[in-house]
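Below is one structure, written out as structure tokens; the observations come after it.
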Amino acid sequence: MARRIGNKVVIVGCGPGSLGYITLKALRRIQEADVLVGSRRLLSLFPEVQAEKLALGGKNYRPLLNKIASLSMRKRVVVLVSGDPGFFSYASLLINKLGKETCEIVPGISCIQLAFAAIGRSWNDACFVSLHGRKTALPRLVEALKTRDTVAVLNDNAVSPGLLCEFLRKEGIKGKKIYLCENLSLEKERVRELDFSSLEEIEAEGMNVMIFLSE
Ligand SMILES: C[S@@+](CC[C@H](N)C(=O)[O-])C[C@H]1O[C@@H](n2cnc3c(N)ncnc32)[C@H](O)[C@@H]1O
């Protein structure tokens, strides 16, 4: 296969949202960038970086893949993703498009790590389900809750915790301790221990991880 000319695209995991959780390696790569690509929230973490900034969001995820590929022929492009690039992230679209040889991946701290740290539990045997942008994962969640003792759910509020709880009850899920971990590492961080009856009343604010434990 012919060798590609150009720079590797650097995909940097930026952690759960606060600067304190960005690694030194990630910071170095970001400071070296000619072009920074990322959500407005992640770009706003680096106002001092002089790079050209391209906002990722809405419906431009796929069109930006081509732009990133062509820019990287001339420039050092750094793509910011939240948490860790290997966990439910834009990184997989990029790697599929460009090939793994063309990407450098800088790991980050995942929201999952913070959520389990906040509740003082191990995630050794946990199962993960993402409802972020995909309600189609609901049947997988039901299956996981029926068969696994520790299930962590990534939610973007497309499904409110109350509605989710109602749905799960109808599917015969019960007897779980539930932790709702919102806005981890951010100003409005909140971690609450709940059960199905208290969860029905609750609207989550912002990004959240829900952890279900068998009692
Ligand atoms: C597209 S996924 C990205 C996950 C990311 N790659 C990681 O490793 O944390 C986005 C989802 O992660 C969760 N999430 C990300 N940051 C969070 C935070 N600071 N607090 C709570 N949940 C968060 C939310 O469930 C959100 O809908």
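Atoms considered below: every heavy atom in the structure, side chains included; atoms not considered: hydrogens, waters and symmetry mates. By convention here, the first residue in the shown sequence is residue 1. Note that ligands are numbered from 1 as they come in the structure, with each ligand's atoms numbered from 1 the same way.
When hydrogens are left out, the protein atom nearest atom 3 (C) of ligand 1 is Phe88 O, 3.3 Å; that is the closest non-hydrogen contact. Counting protein heavy atoms only, atom 19 (N) of ligand 1 is closest to Pro16 O, 2.8 Å. Looking only at protein heavy atoms, the nearest one to atom 27 (O) of ligand 1 is His132 ND1, 2.7 Å. Nearest protein heavy-atom contact of atom 18 (C) of ligand 1 is Leu184 N, 3.6 Å. For atom 6 (N) of ligand 1, the nearest protein heavy atom (residue, atom name, distance) is Phe87 O, 2.6 Å.
Within the 4.0 Å heavy-atom criterion, both parts of Met207, backbone and side chain, lie near ligand 1. Neither the backbone nor the side chain of Val81 has a heavy atom within less than 4.0 Å of ligand 1.
Nearest to atom 12 (O) of ligand 1 by heavy atom, out of Cys111, Ala115, Ser110, is Cys111. Considering Asp156, Asn208, Asp84 only, the shortest heavy-atom separation from atom 24 (C) of ligand 1 involves Asn208.
With salt bridges taken as basic N to acidic carboxylate O contacts below 4.0 Å, one links Arg190 and Glu182. Using a cut-off of 4.0 Å between Lys/Arg side-chain N and Asp/Glu carboxylate O, Glu32 and Arg28 are scored as not salt-bridged. Glu52 has a carboxylate O that lies under 4.0 Å from a charged side-chain N of Lys75, or vice versa, which qualifies the two as a salt bridge.
Between Phe212 and Tyr179, the gap from one ring centroid to the other reaches at least 6.0 Å.
The shortest N or O to N or O distance between Ser185 and ligand 1 is not under 3.5 Å.
No side-chain heavy atom of Leu56 sits less than 4.5 Å from a side-chain heavy atom of Leu43.
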**Item:** Working for side-chain contact (heavy atoms from CB on, under 4.5 Å), residues Leu80 and Leu36
**Value:** CA-CA 7 Å; Leu80 310 176; Leu36 267 190; 3.9 Å; yes

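Residue pairs that meet the side-chain hydrogen bond (donor to acceptor under 3.5 Å, both in side chains) test with at least one member in residues 136-152, sequence neighbours left out, are Asp149-Ser214.
Residue contact check: Ser82 has heavy atoms under 4.0 Å from atoms 3 (C), 5 (C), 6 (N), 7 (C) of ligand 1. The contact set between ligand 1 and Asn155, taken as ligand atoms under 4.0 Å from a residue heavy atom, comprises 24 (C), 25 (O), 26 (C), 27 (O).
Nearest heavy-atom pair across Val81 and Leu42 is C-CD1, 3.5 Å.
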